[in-house]
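FYI, the numbering just counts along the sequence from 1. Values reported hereafter were calculated over all heavy atoms of this structure, with side chains retained and with hydrogens, waters and symmetry mates removed.
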Amino acid sequence: YDIIHSPSHSRIADVGQGVCRDHNGKNPAWGSLSNVGYADARDACLSDQTCKGFWYHPQTGANWQLFCTEISGSCPNSGNGGDANELIGSGEQILTDHDSACFVVRALHHSDFTDHICASATSNGPRTERGESGASISVYCNAEIENGGWHLVYSVDPNDGHSMGFGSSYWTQDSSSHS
């Protein structure tokens with residue numbers, strides 16, 4: 001059970017106006033969506049782990065371009081060697097009648113949520129917080145040890161004979177009692 005970070009926990013950031021390009025002006029693998037709005041483009045990008053950004057394309061209808069780290073179902077076109085992990089708004093093809101920002105998917109770091117999620121915990125147990133993008137993260141908080149504010153940062157796969165799930169004594173007892 002991955003309680004700190006998961007590829008599906010993401011957020012959207014506006015990285016400038018214009019079609020998405022990398023710092024060298026190149027575009028990565030890309031694909032397009034026709035006749036959909038922002039939320040559909042965002043959701044399509046979030047549902048493909050290779051998708052790192054999207055931009056409203058000014059053709060007829062609500063068209064969006066998706067930008068990916070590799071050719072995928074969302075991005076069947078190869079691009080010209082751009083790096084999808086370095087997308088920025090290029091300043092090109094800016095629209096006057098529509099937001100033409102390059103939006104990128106940023107993986108959440110545990111500190112985006114956990115720096116404060118357990119600080120307000122009044123009892124031990126799992127807590128979930130939802131970010132502005134709709135992504136959520138669950139952490140196990142301990143409100144008793146040294147005035148609380150602690151979150152579990154590691155879990156062992158129980159399929160190999162070890163267990164550190166929420167109810168495990170590995171979490172609640174001194175580690176010196178486990179070998």
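- In plain terms, the two heavy atoms of Pro76 and Gly31 that are nearest each other are CD-CA, 3.8 Å.
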Query - Audit row: Ile12, Val105, side-chain contact (heavy atoms from CB on, under 4.5 Å) steps and yes/no - result: CA-CA 5 Å; Ile12 305 301; Val105 176; 3.8 Å; yes

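- Clustering ILVMFWY residues whenever any of their side-chain heavy atoms sit less than 4.5 angstrom apart, transitively, puts Ile88 in a cluster other than the one holding Phe54.
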Requested in this report: Could you walk me through whether Ser100 and Gln17 pass side-chain hydrogen bond (donor to acceptor under 3.5 Å, both in side chains), step by step?
Outcome: CA-CA 5 Å; Ser100 54; Gln17 293 292 303; 2.9 Å; yes

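- Between Tyr38 and Tyr56, a ring centre-to-centre spacing not shorter than 6.0 Å is recorded.
- Taking NZ from Lys52 and SG from Cys45, the interatomic distance works out to 8.5 Å, rounded to the nearest 0.5 Å.
- Under a 3.5 Å cut-off, the side chain of Ser90 and the backbone N or O of Val19 do form a donor-acceptor pair.
- Put simply, CG on Asp48 and SG on Cys75 are 6.5 Å apart, with the number rounded to the nearest 0.5 Å.
- Closest heavy-atom contact between Asn63 and Asn35: OD1-N, 3.9 Å.
- Without hydrogens or angle criteria, Asn24 side chain to Lys26 main chain gives no donor-acceptor distance under 3.5 Å.
- Asn77 contributes a side-chain N or O that, together with a main-chain N or O of Trp30, makes up a donor-acceptor pair within less than 3.5 Å.
- Linking ILVMFWY side-chain heavy atoms closer than 4.5 Å, directly or via other members, places Leu66 and Ile71 in two distinct hydrophobic clusters.
- With Asn27 contributing its side chain and Gly82 its backbone, the two residues share no donor-acceptor pair below 3.5 Å.
- Nearest heavy-atom pair, Ala101 versus Trp55, reported as atom, atom and distance to 0.1 Å: O-CD1, 3.3 Å.
- Ring geometry for Phe103 versus Trp64: interplanar angle of 30 to 60°, hence tilted.
- We find the OG-CD distance between Ser74 and Gln49 to be 11.0 Å, quoted to the nearest 0.5 Å.
- Atom SG of Cys20 sits about 5.5 Å away from atom CG of Leu87, to the nearest 0.5 Å.
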Report task. Decide yes or no on side-chain contact (heavy atoms from CB on, under 4.5 Å) for Leu33 and Asp40, but give the supporting numbers first. Result -> CA-CA 9 Å; Leu33 299 171; Asp40 291 325; 5.8 Å; no

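- Separation of atoms CG (Leu46) and SG (Cys51) is listed at 8.0 Å; rounding is to 0.5 Å.
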